[in-house]
Asker: 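Pasting a structure here, questions to come.
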Amino acid sequence: MSDCATRFEELTRETDTVLAEDLAALQRLSEPTRIERYDGIKRSEESFVWEFSEDCPEFLTDEETARVRGNFRLARLLIAASFYADDGATVPPAMADDFVEAELQAVVDFDRYKQFDALTESQIEERIRRMEGEVYELVDEYTSTQIADMDALIENQDVQQDLVERLVARYEERREKIRHGFFVYVETHGLEHMVAAIEEAVTAVAEAEDERERVADELRSEVEGFSETLDSRVRGRYREAESELRELEGELASGQADPEAVRARLETVASGGADGTAVPAELRDRIERTSELGERIEERIADLEAVEERARDQATEQARPEAVALVENELDELRDQRAAVSEQVARLERECERVETAREALEDRQADLESRVDEIERSVGDDGGGVDGDHAVTAAMARMLEMDYLGRFDISMAEADSIRTRDGTVEIPDGYWEGRSERRSERSRLSSWLDEGEDPKRYPTNAVARYEITDERYLGLATATETVVAARVLADLRAHATNGFDASPATLDDLLSVVNEAVYEAERGEHGYLLAVASPTGWSERVREQVETADVARSRYSKYVSVCLVDLQDGSLVYDESDPVARENADLFAPPVDAERVDDCVATVRREYVEDVAHESVLLTEVAERHGYDEPVVKRAFNELEAAGAGEQLYLDELGLSLECGT
């Protein structure tokens, strides 16, 4: 029996030595030494199982034999875990197949709390108290490891049962000390207040998250299908109505239209406008529902801000950072969602306004055509029919105005020393615009309306000259747009393609169609956008009022966007005087106007045609060709003469714009 005792001591000596060490001590050993000890323990384990038990069957009871065998495996597990715990290290191949990750991780988790082995329960309680702000980190770490969920480790089919038993036995005393220390801390220092503060924050955040998800679903429901509905029910009908009205304008311009047939077609256009009032009502309902979503988010933000305030005032020092951080994270999410809801409301409001103005514009055009039909009926037999030429601009003239205007704008930008932006004045050095400017146009859209073989170069293309002020990021490796400065011409391309001229001043719907694009880009990129929109046929009074009225002009679009209107008929600029970005950059957008040349043309037309009784009328093309004036100059001269009562402008089919002298 003494031989069995000696042999048992020899077999278990190295195992007992390893079990007495922690991971830090084992990690200080060289890798070859650890591998050698591992192999030695494994040989001793095999000898114990296959030889010692047979040679000394009465030396140990079955329970003692199982415990010793578990110690062998636990010692080998500790050595394997010493490799597993090293950052970036891997368990040697010879050990990798002996243990699963759950077993290795359990050892690492247990080892984190080895400092408690040498402490009494009162010392542990005192240590926790001194941790102060770290106490919650310790609690969280403790409860997230496998030692806090031993049942999960035991039920893991891949974990060796005798290892679990040895781990539990080895660390049970430590686990009880830790638990008791926390219990004492709760009883002594009121940890329940800390838990209550966090519990309130968790509950409030969970409720806010649920509400945020519901709002997101409802907002998504409001948005989905919106554009399709608008296109099918409004934009499509308006496009059809506009096409029909342009055809009627062309017929009236020819002087060959049947008044009764035109009136019947006008009634058909008017009868198709039921959605013109229904859709704005639907949009207003959507705006109201979406605004209510924003109000619900506002309520949650207010609730969470109150919880955050209570956490700051009432929570203990240990709980305060975690409770406040928890609430602040959700508040950030809610505020982002509030911004998204506000953006959607603004979009719906812009679309509603656009639909209403489009409807009003169609009604105005229908009323204008009806008036022309009445005039035709009152002057039956008069073969000089035509369209009121006050704003009439031929396609060729519009093309020339577009090229002249954008050329003048490019010169202004090249000569600019500084640009006023939302953030202040930016100095512009020589050559700054190289690589920061471009031209765009709607030539492809124009081509879709032209007959085959027609040259698009004879028509305006609604070209855009665009310049970007940028800011360097990431040590100059990238740039971000700070401000866009753009000038674009807005002509009715379809009218020019269909009739060869346009006689209608640009409407609020026309303006919104381009401003909304700028608003979308500016708000998405959160940068400034200074936009000049030039109309060859001038602007309606409603548009001028919209832009000039200081209390609505800028807020009607976006805080990022400033708008300047350019009237290419008379060279005037219209902008909100209260907007410093538009006001201080207005000179950039001034069109090229040769006042002396216009005055000279006025004198020529008055002398050669108006005061000459032999001429009842004169064509714009005749004045331009005979006297060498550019067509835009003649057009402005006709405007001034009409304003002075020297004649009336009329657009005649196939002949173009004329001035009826003395009418």
Side-chain angles (χ1 to χ4, degrees), residues 9-48 67-119 123-124 127-128 130-131 134 137-150 152-154 156 158-178 181:
E9 182 181 352
E10 290 174 352
L11 288 174
T12 59
R13 182 182 299 118
E14 196 163 19
T15 295
D16 291 340
T17 300
V18 170
L19 292 177
E21 300 289 355
D22 57 20
L23 288 183
L26 292 174
Q27 287 172 316
R28 290 191 182 95
L29 298 176
S30 66
E31 290 188 13
T33 299
R34 279 183 275 173
I35 293 173
E36 182 181 348
R37 290 196 174 186
Y38 185 92
D39 292 340
I41 293 173
K42 194 168 187 177
R43 287 193 297 270
S44 296
E45 180 183 353
E46 291 174 352
S47 179
F48 174 80
R67 179 174 58 79
V68 172
R69 185 171 180 176
N71 283 342
F72 278 120
R73 288 184 178 173
L74 180 58
R76 287 193 294 113
L77 175 60
L78 291 176
I79 294 175
S82 71
F83 290 98
Y84 180 79
D86 285 340
D87 290 338
T90 57
V91 177
M95 307 177 192
D97 294 334
D98 292 346
F99 305 102
V100 296
E101 186 174 1
E103 294 166 334
L104 296 167
Q105 187 62 50
V107 172
V108 174
D109 289 340
F110 282 132
D111 196 67
R112 294 176 186 172
Y113 302 95
K114 62 189 177 185
Q115 67 267 34
F116 292 102
D117 289 341
L119 301 175
Q123 288 173 326
I124 291 174
R127 183 176 178 83
I128 293 174
R130 289 200 307 271
M131 286 182 179
E134 298 177 12
E137 181 180 348
L138 180 63
V139 173
D140 181 67
E141 182 181 354
Y142 175 77
T143 57
S144 67
T145 61
Q146 293 187 41
I147 62 173
D149 191 7
M150 189 60 69
L153 192 64
I154 293 173
N156 189 330
D158 296 326
V159 175
Q160 301 169 80
Q161 186 65 33
D162 53 359
L163 273 180
V164 175
E165 293 172 356
R166 300 319 307 146
L167 285 169
V168 171
R170 181 179 175 88
Y171 295 106
E172 188 62 36
E173 182 180 355
R174 177 194 299 173
R175 293 167 69 236
E176 286 303 316
K177 282 184 178 181
I178 295 173

Asker: Quick one: CG on Asn71 to OG1 on Thr12, what's the gap to the nearest 0.5 Å?
Answerer: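 Those atoms lie 9.0 Å apart.
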Asker: Hey, could you give me the CE/CZ distance between Met95 and Arg76, rounded to the nearest 0.5 Å?
Answerer: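 Here the interatomic distance stands at 9.5 Å.
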Asker: Under the rule for side-chain hydrogen bond (donor to acceptor under 3.5 Å, both in side chains), what residues qualify as partners of Arg37, not counting sequence neighbours?
Answerer: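 In terms of side-chain hydrogen bond (donor to acceptor under 3.5 Å, both in side chains), with neighbours along the sequence ignored, Arg37 is linked to no residue.
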Asker: Is the count of non-hydrogen atoms from other residues, nucleotides or ligands lying under 6.0 Å from Glu36 atom CD greater than 12?
Answerer: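 Counting other residues, nucleotides and ligands, CD of Glu36 stays at 12 neighbours or fewer.
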Asker: For the residue pair Ser44 and Ser47, confirm or rule out a side-chain donor-acceptor distance under 3.5 Å.
Answerer: no
Asker: Output all residues satisfying ring-ring contact (aromatic ring centres under 6.0 Å, His included) with Phe72, sequence neighbours left out; order by chain, then residue number.
Answerer: Phe48
Asker: Give, for atom OG of Ser82 and atom CZ of Arg34, the distance between the pair rounded to the nearest 0.5 Å.
Answerer: 4.0 Å
Asker: Which distance, rounded to the nearest 0.5 Å, do you find between the OG1 of Thr33 and the CG of Leu26?
Answerer: 11.5 Å
Asker: Minimum heavy-atom separation for Ala75 to Ile41, with atom names?
Answerer: CB-CD1, 3.9 Å
Asker: Just how far is it from atom CG of Leu74 to atom CD of Glu103, taken to the nearest 0.5 Å?
Answerer: 10.5 Å
Asker: Can you name the closest pair of heavy atoms from Ala80 and Val91 and give their distance?
Answerer: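 Scanning both residues, the minimum pair turns out to be O-CG2, 3.9 Å.
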Asker: Roughly how far, to the nearest 0.5 Å, is the CZ atom of Arg43 from the CD atom of Glu14?
Answerer: 8.5 Å
Asker: State, yes or no, whether a side-chain contact exists between Tyr84 and Glu101 at a heavy-atom distance under 4.5 Å.
Answerer: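 Heavy-atom side-chain distance check passes, below 4.5 Å.
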Asker: Would you please test Lys42 and Asp98 for salt bridge (Lys or Arg N to Asp or Glu O under 4.0 Å) and show each step?
Answerer: CA-CA 11 Å; Lys42 194 168 187 177; Asp98 292 346; 3.3 Å; yes
Asker: Which pair of heavy atoms, one from Leu104 and one from Ala81, lies closest together, and at what distance?
Answerer: CD2-N, 3.8 Å
Asker: Go through the structure and list residues passing ring-ring contact (aromatic ring centres under 6.0 Å, His included) with Phe99, not counting sequence neighbours.
Answerer: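 None.
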